[in-house]
Amino acid sequence: MDSSTIRKQFIEYFEKTLGHTVVPSASVIPLNDPTLLFTNAGMNPFKPYFLGELEPPFRRVVNSQKCIRVSGKHNDLEAVGRDHYHHTFFEMLGSWSFGDYYKKEAILWAWKLFTEVWKIDPRRLYATVYTDDSEALKIWKSIPDIEPEQILIFGEKDNFWSMGDIGPCGPCSEIHYYRGDKLEDRDAAKVNADDPDYQELWNLVFIQYNRDEKGELHPLKNKHIDTGAGFERIVAALNGMDSNYDTDLFRPLIDQIEALSDIAYDKGEEGMAHRVIADHIRMLTIAISDGAIPGNEGRSYVLRRILRRAARFGRKLNLKEPFLYRLVPTVAHILGDVYPEIVVQREHVQRILRAEEESFGNTLDKGLELFEQLAKKAKKTGESVLNSEDVFRLYDTFGFPVDLTRLLAEEKGLAIREKEIDDLMEQQRQRARAAGKFKMRSAEELQWIILRPGVPSVFAGYDTYSISAQPVKYAADENYTYLVVDKTPFYAESGGQTGDKGHIVFTDPGTGKMDYGRVLDAQKIGNDIVHIIEGRIFDTHPADSGPLILEVNESTRRDTARNHSATHLLHAALRKMLGDHVHQSGSYVGPDRLRFDFTHYEKVSPQQQREIQQLVNLEILKNLPVETEEKHYIEAVSGGAQALFGEKYGDIVRVVKMGDVSMELCGGTHVGRTGDIGPFFIVGESSVASGIRRIEAVTGTAGLDMMQAQQTLLADIRDMLRTPEARLKERVSALGADMKVLEKENAELKAKLLSSDISGFFEGSGSYRNAPLYVNRVEVENIDQLKNLGDRVREKMKTGVAIFGSVIGGMPQVLCVVSDDLVKEGVKAGNIVKSLGKAIGGGGGGKPHMATAGGKDPVLLEDVLNHIETYLP
Ligand code: SER
């Protein structure tokens with residue numbers, strides 16, 4: 001049975017017969033969870049439903065979720081390629097109950113799908129149960145075709161599932177599958193013991209707790225079901241295959257790797273390189289299609305590591321040229337129907353991969369050479385561990401991720417010292433940090449005085465600039481006061497938008513007079529919106545002595561809102577003009593200007609920039625309404641909203657819509673209608689990193705100011721040139737042409753001047769081989785003038801050697817001419833300049849009668865001219 005049919009059957013089983021709603025896979029870049037680098041389980045996007053932070057739109061859901069497990073709590077990287085059933089990227093088939101059905105249904109339905117729909121022999125299945133879960137045990141025992149010895153009990157490590165150190169969790173029951181040949185030999189003791197013949201196929205998690213930072217469990221209001229089935233393993237099992245790499249999800253990739261390398265795939269150890277590459281290319285394609293990009297930090301660095309590992313395994317198959325990018329269409333062919341984004345992004349992914357492969361290619365070979373030397377050195381001295389400084393050098397200079405070096409070392413029976421290497425990395429980070437810029441104090445550094453414990457701090461400034469509020473807590477250092485209030489109109493810096501400025505008004509309790517404090521910035525610390533206020537304002541006026549009025553500076557806020565709304569229009573315009581591979585990768589939105597970073601592999605040409613600018617301005621002129629709506633995450637994204645990755649979204653997703661042009665998830669402040677943005681001008685385009693471009697622009701008053709300044713400049717130039725605007729270009733190019741003519745004339749005049757009187761050059765300077773030697777320092781514009789001078793001096797010189805030194809364009813030059821009689825006697829100008837050239841840090845040569853040399857250091861020339869005898873051959 002092919003994989004598409006199996007996936008479809010799973011979805012339809014829950015959808016058609018059991019009333020679940022099908023939802024699309026979320027991005028592998030988690031949208032609303034800063035604690036995760038990649039979506040690592042189907043439940044990630046549903047976290048707010050489990051925690052009761054959001055009301056789910058559906059009670060029962062079914063999906064197939066793209067998952068990546070290469071970092072954090074769930075990390076399978078080390079097993080990938082060594083075995084046949086762990087992957088960096090895999091699909092998780094999931095069925096969900098948000099406070100609806102619970103254990104009984106989850107267990108019975110899973111069993112029924114396996115044994116009745118897919119007809120897996122029940123004797124091959126084992127059920128595992130958490131020690132304390134007598135309820136699940138009873139349900140399993142009630143199923144007639146599972147023998148009691150196939151129901152096994154395990155502890156927390158195997159049967160209590162958590163997404164990470166904190167968050168929703170609960171006991172689970174897993175269904176394991178025995179895939180061996182001899183049913184009678186199967187052995188329950190091998191379940192959960194890393195035996196490849198006994199694989200976990202499906203995990204049924206009974207979510208009922210939330211684990212807090214201290215590790216304590218808190219029961220949730222509702223109980224939920226989160227089931228996750230390993231799709232690749234199921235496809236292998238249903239086809240009686242003992243390797244996921246034999247299924248149609250991988251085989252076309254293995255075939256292509258065979259064809260590219262001309263090395264046949266081996267199912268044993270030898271085939272590890274084929275398997276690693278087939279696995280890693282799926283992960284890379286999926287992650288880049290969702291907007292990730294290889295780089296030096298966090299998620300980007302994980303991608304880079306995976307790519308470098310894959311490239312190194314390519315070397316094992318003699319694949320030296322970039323090759324990974326060539327596998328992308330095959331991944332798109334295998335998975336494109338289910339995840340259409342891969343098809344849309346195919347070329348973009350290829351470009352990114354190819355550029356990365358090319359840039360790593362050279363250092364990879366050099367690094368591998370170095371590694372071989374290090375390994376030999378270790379072997380020779382009888383060491384079984386690589387020197388940590390060397391491992392760090394491989395990382396720092398040759399770009400070898402530590403896990404790549406570890407892998408290379410293991411292959412040679414060597415180890416690395418993780419802790420020492422971590423320390424070296426940390427030292428480097430500290431050096432980098434020390435060189436970095438000052439950051440705002442962290443919450444722990446401040447001594448908070450708490451006035452209203454437990455009161456949350458809420459942003460309430462979407463529609464207002466001024467709010468009367470109660471202080472919640474405050475702190476102060478020498479220069480500033482840090483204040484948190486219950487509700488505030490101040491937007492704290494986030495999502496690229498800068499924090500609001502403004503002031504705070506309070507009443508002096510002594511005099512009853514109003515007083516002001518300047519709010520310089522607003523920042524988030526955890527969930528608190530912290531106002532940073534000039535001076536220690538509460539030293540003289542107690543914070544809680546009367547109502548506080550917080551007022552945002554309206555014009556700055558309006559300027560910022562203009563820029564923020566323009567950013568959305570710019571994003572939409574870029575996607576329209578350049579393609580769907582454009583993803584936001586960062587932004588700055590302040591009152592002065594906006595900066596938008598996005599994925600794109602080449603310069604946005606001036607012509608394209610003009611078209612984009614025009615498009616944005618036309619959308620502004622349409623004066624589209626800017627509407628905001630708070631929605632569920634699934635609703636928003638399945639409705640086509642542009643989700644921005646790497647952002648910390650609040651509990652509920654806010655959708656900002658501008659006509660039909662733009663729809664984005666965004667918490668920022670915006671204008672009411674696009675017309676409020678005013679003029680939009682692109683002021684810069686540049687590259688930020690490989691595959692990432694930056695556009696800078698201004699709007700509103702800054703746009704007007706820029707336009708005014710440009711107009712004034714134009715008028716000034718017009719007046720200076722006394723030329724009407726329409727003819728300015730013509731006039732400037734005419735001026736340029738005139739200038740060229742003048743320059744030429746000038747050079748000729750100078751040459752003439754030089755030629756006018758050369759008698760001065762024959763003042764005796766010494767002798768060389770009994771003939772007169774003339775040494776002169778001259779000022780000339782170029783070598784031609786120097787040679788011209790040489791010719792003329794030679795003409796006049798009956799007998800002798802003349803040497804000229806000059807600095808041309810900052811570089812020392814020497815010319816030597818020799819009279820014909822001396823040439824006949826064997827004196828060679830070429831030889832002379834050779835040694836003079838060396839003396840001025842360069843070299844030269846030429847004919848016997850005339851030769852030149854150039855050097856690097858004008859200071860040396862002085863010395864040569866002053867002590868010529870020392871330098872002559
Ligand atoms: N969350 C569970 C897992 O990842 C089941 O979906 O295994």
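Atoms within a ligand are numbered from 1 in the order they appear, just like the ligands themselves. Just so you know, these numbers use all the heavy atoms, side chains as well, and skip hydrogens, waters and symmetry mates.
- A search for side chain to side chain contact (heavy atoms under 4.5 Å, CB included) contacts involving Glu200 returns Glu174, His176, Asn203, Arg233, not counting sequence neighbours.
- Ring geometry for His84 against Tyr245 counts as perpendicular: the plane angle is over 60°, on a 0 to 90° scale with 30° as the lower cut.
- Between the side chains of Trp109 and Ser95, no donor N or O sits under 3.5 Å from an acceptor N or O.
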Between ligand 1 and the protein, which N/O pairs are shorter than 3.5 Å?
unit_1	atom_1	unit_2	atom_2	d
ligand 1	1 (N)	Asp226	OD1	3.4
ligand 1	1 (N)	Asp226	OD2	2.7
ligand 1	4 (O)	Arg69	NH2	3.0
ligand 1	6 (O)	Asp226	OD1	2.5
ligand 1	6 (O)	Gly228	N	3.1
ligand 1	7 (O)	Trp161	NE1	3.4
ligand 1	7 (O)	Asn203	ND2	3.2

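- Listed by chain and number, the residues in a ring pair (Phe, Tyr, Trp, His ring centres under 6.0 Å) with His20 are Phe14, Tyr101 (sequence neighbours excluded).
- If you look at Phe154 and Tyr130, their ring centroids are not closer than 6.0 Å.
- Evaluation of the side chain to side chain contact (heavy atoms under 4.5 Å, CB included) rule for Glu629 yields Lys631 as partners, not counting sequence neighbours.
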